[in-house]
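Have a look at the structure below, then the notes.
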There are 2 protein chains.
Amino acid sequence: MKVRLVTIGDEILIGQIVDSNSAYIAKKLNEIGLEVEEILSIHDDSEIIIETLNRILPDSDVIITTGGLGPTKDDVTKNALCEFLQTELVMDEEILAQLEERYLKLNRTMNELNRAQALMPQGSIALKNALGTAPGIWTEFQDTILINLQGVPFEMKNLIKTEVVPRLQEKFDLPFVVHRFLSVSNYPESDLAIALTDWEDNLPSDFHFAYLPERSKVKLRISAKGNYKTEIENRIEAEVQKLIPIIGSRLDSRNKDSIELILGEKLKELNLTISTAESCTGGTIATMLTSAPGSSNYFYGSVVSYATSVKENILKVPNELIENYTVVSKEVAAAMAKGVRELLKTDIAVSTTGVAGPAQGEDGKEVGTVWIAVTDGNSTETKMYFFPYLEREDFISQVSKLALQNVFEFVKIKN
Amino acid sequence: MKVRLVTIGDEILIGQIVDSNSAYIAKKLNEIGLEVEEILSIHDDSEIIIETLNRILPDSDVIITTGGLGPTKDDVTKNALCEFLQTELVMDEEILAQLEERYLKLNRTMNELNRAQALMPQGSIALKNALGTAPGIWTEFQDTILINLQGVPFEMKNLIKTEVVPRLQEKFDLPFVVHRFLSVSNYPESDLAIALTDWEDNLPSDFHFAYLPERSKVKLRISAKGNYKTEIENRIEAEVQKLIPIIGSRLDSRNKDSIELILGEKLKELNLTISTAESCTGGTIATMLTSAPGSSNYFYGSVVSYATSVKENILKVPNELIENYTVVSKEVAAAMAKGVRELLKTDIAVSTTGVAGPAQGEDGKEVGTVWIAVTDGNSTETKMYFFPYLEREDFISQVSKLALQNVFEFVKIKN
């Protein structure tokens, strides 16, 4: 089964937006046993769309496109599809009636561009879009299933779940694809690879194994597929059992792959609560913690203290510390962590203070300098990092991950 | 000039990660006048890499790949490249010496996998990677420039800036590509398109115009290229001048495209400061506000009050309001906004309280319900939204954008 995804739109090719649609579709298809062979992003240009479809059609069982189904002139996918299929657009009266009802409810007048959204290529099936005006399009053509979806993420996601996945499952007898993620810290990737040589050489030939390095961590992924989910899971688990003694204590998680999930698992296990005091990370650590469903069990909240006055008045950082050491200092980081822990009454607290750039901090500290503090009230650990080469956005994301990693190490040692 | 980007790695094809590398490269190339024709994501499989390169080479002036240059078995790009070029790997002694020095500094022993990173295809140039161990690879082959970069974003980004962009600029005489973004709110996309018909029909033929709809907003993009930057900018400005009277007061910004930048511009202009009190958005509004360089001029900070105790004790939300109306209510949203405004002493404050799901809130409110409040101390505006169909992550991002949009409308009307 060869599946290809095609995202259509200049906004992707000029880097105005990141193509997150493909990742979503790929993940959802993987869950039902469909593996994506290739993802392409192309111009919203009829000729290029037709050329691309012509090229990939013979070697694809399923093609899913996103983008270009809207009402404006730069939305050319439906017409290009028609030309590719060598067919005509015909009015889908059922879809038109739905649109009319929709506009009536919205108390808006339908214009000719809205009406045109109900035009469908003859022979194609309209996929009903409950959340928008453009239907998706499902076409079976020369042994290939061709699916055209919206570029608007929430409309596309809803169509994938309510229309595309059920129809594909009905159409094909699909195997199960199982991925298992493990997370290892403080083990250089190449050293780890050498330690795992024998294990890796003895993996069943239908297994796929991958390393995904991040600064101080390596994520491992084991993948396999088959007709019986439990059987694949058991086979993977057997390999994981052999892996664990080789990695030893540097294994942080055998189930989760992101630090916010790994830490969440640990905090729940130890029954600990946490709060954050964020300066340069501006709320990103809180956002990461809350991204885990169920985080309200251990995450109480955060004080984002971007202004110095907030550090002094809310977090009760003594003014002398700021005067003597500047806001980007070990002492202020520690006081922020202690301050938020007492204020929000949690077991653990973590703080960040640094210069994300691009401009230098007011106290003259170099761009890229950051202090992270973790405290449980009894002891406080502070660490300094210096990332002068990271762009603002990457600096914030890197420091936030490190902060959670530091909390993880802190509670691992203390408990 | 045809540029193709190829991201290599199964992690993209299974949706484990979003390919943000391509967007970064596309944007940086655009800034120097290079337009990306196509982006491809393929398996980290030698055969597929070679097949892809063979296919796209004749129709590409520049090909940039990312991924697969690391030290582990699943990193196959360099060997595939060698096979494609029909050449051999030879030791680059200069790179090896640099690696040795690097490991000495890190106080780590080099293993054979690390040494192998200094192997380069004969005839290729090593692009020195100051932030990692794998060099980039620059090869000129059959009229095409083939560039292989790391998948690790900060290493890749640094190589793009320090090596790739300067070399491409030296190699080619490049035009300037200029994009201009405008933001319009409360104007349905299809109605706007009809209003702009004449203007759009009269655009110079070398201009490109696109609509990017978001819920209550439409972003417009005007693009053009040429040899003289100022000339293109002036030509675009002339078209913008004709556009402004057609759009009227629904034009929110004629320079910025994201709400955090549009709002930041407005707050600076009006000399207003802001703080946020976030429950269901968990710090995302704060993160968005701080993503704008210079935001410390107007953003003081945030209280992320995930736990009810934080709403009561820090934001001073009266317990009766929570008892009588539940935490997800108009009354609590208003009290949170007022609370944080007084606590952080800002002109404006915005708050969110809702149920992001997937589980129902403790007070029985339905998943997808949210209240947003904006206050300036004198008046407070509250709005309720209901997004039962959005996934947790999208709900949080959508509510955060709406919160900033509401602040924008609030200050626009009041000032």
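These values consider heavy atoms only, across backbone and side chains, with no hydrogens, waters or symmetry-generated copies. Order of the sequence lines fixes the chain letters, A, B, ..., with proteins taken first and strands second; residue numbering starts at 1 for each chain.
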Looking at side-chain heavy atoms only, is the closest gap between [X] and [Y] below 4.5 Å?
| X | Y | answer |
| --- | --- | --- |
| B:Glu393 | A:Ser20 | no |
| B:Ser309 | A:Lys345 | no |
| B:Asp74 | A:Phe209 | no |
| B:Phe299 | A:Val304 | yes |
| B:Gln16 | A:Arg221 | yes |
| A:Leu40 | B:Glu38 | yes |

Near B:Lys73 NZ, under 6.0 Å, is it more than 12 heavy atoms from other residues, nucleotides or ligands?
->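 It does: B:Lys73 NZ has more than 12 such atoms within range.
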Around A:Arg115, counting heavy atoms of other residues, nucleotides and ligands shown, do more than 12 lie under 6.0 Å from its CZ?
->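 It does not: A:Arg115 CZ has 12 such atoms or fewer within range.
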Side chain, backbone, both or neither: which part of [X] has a non-hydrogen atom closer than 4.5 Å to chain B?
| X | answer |
| --- | --- |
| A:Leu390 | side chain |
| A:Asp75 | side chain |
| A:Ile48 | side chain |
| A:Glu11 | both |
| A:Ser295 | both |
| A:Ala116 | neither |
| A:Lys311 | neither |
| A:Ile12 | both |
| A:Ser305 | backbone |
| A:Ile314 | side chain |

Checking [X] against chain A: side chain, backbone, both or neither under 4.5 Å from a heavy atom?
| X | answer |
| --- | --- |
| B:Glu189 | both |
| B:Thr284 | both |
| B:Phe387 | neither |
| B:Asp257 | side chain |
| B:Val303 | both |

So which of [options] has the biggest tally of heavy-atom pairs under 4.5 Å with chain A?
| options | result |
| --- | --- |
| B:Val177, B:Asn114, B:Leu343, B:Thr287 | B:Thr287 |
| B:Asn313, B:Leu5, B:Asp10, B:Val152 | B:Asp10 |
| B:Lys157, B:Gln398, B:Glu35 | B:Lys157 |
| B:Arg55, B:Glu31, B:Glu112 | B:Arg55 |
| B:Ser22, B:Ser275, B:Pro71, B:Gly70 | B:Pro71 |
| B:Leu131, B:Asn158, B:Ile285 | B:Leu131 |

Could you tell me whether the side chains of A:Glu391 and B:Tyr24 share a donor-acceptor contact shorter than 3.5 Å?
->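 A pair is found: one side chain offers a donor N or O, the other an acceptor, under 3.5 Å apart.
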OG1/A:Thr109 to CG/B:Asp191 distance, rounded to the nearest 0.5 angstrom?
->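 Taking OG1 in A:Thr109 and CG in B:Asp191, the distance rounds to 7.5 Å.
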First locate atom OG1 of A:Thr290, then atom CD1 of B:Ile396, and finally report the distance between them rounded to the nearest 0.5 Å.
->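 Output value for this atom pair is 5.0 Å.
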Look at the side chain of B:Asp19 and the backbone N and O of A:Asp19, then say whether any donor-acceptor pair between them is shorter than 3.5 Å.
->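 It does not hold such a pair.
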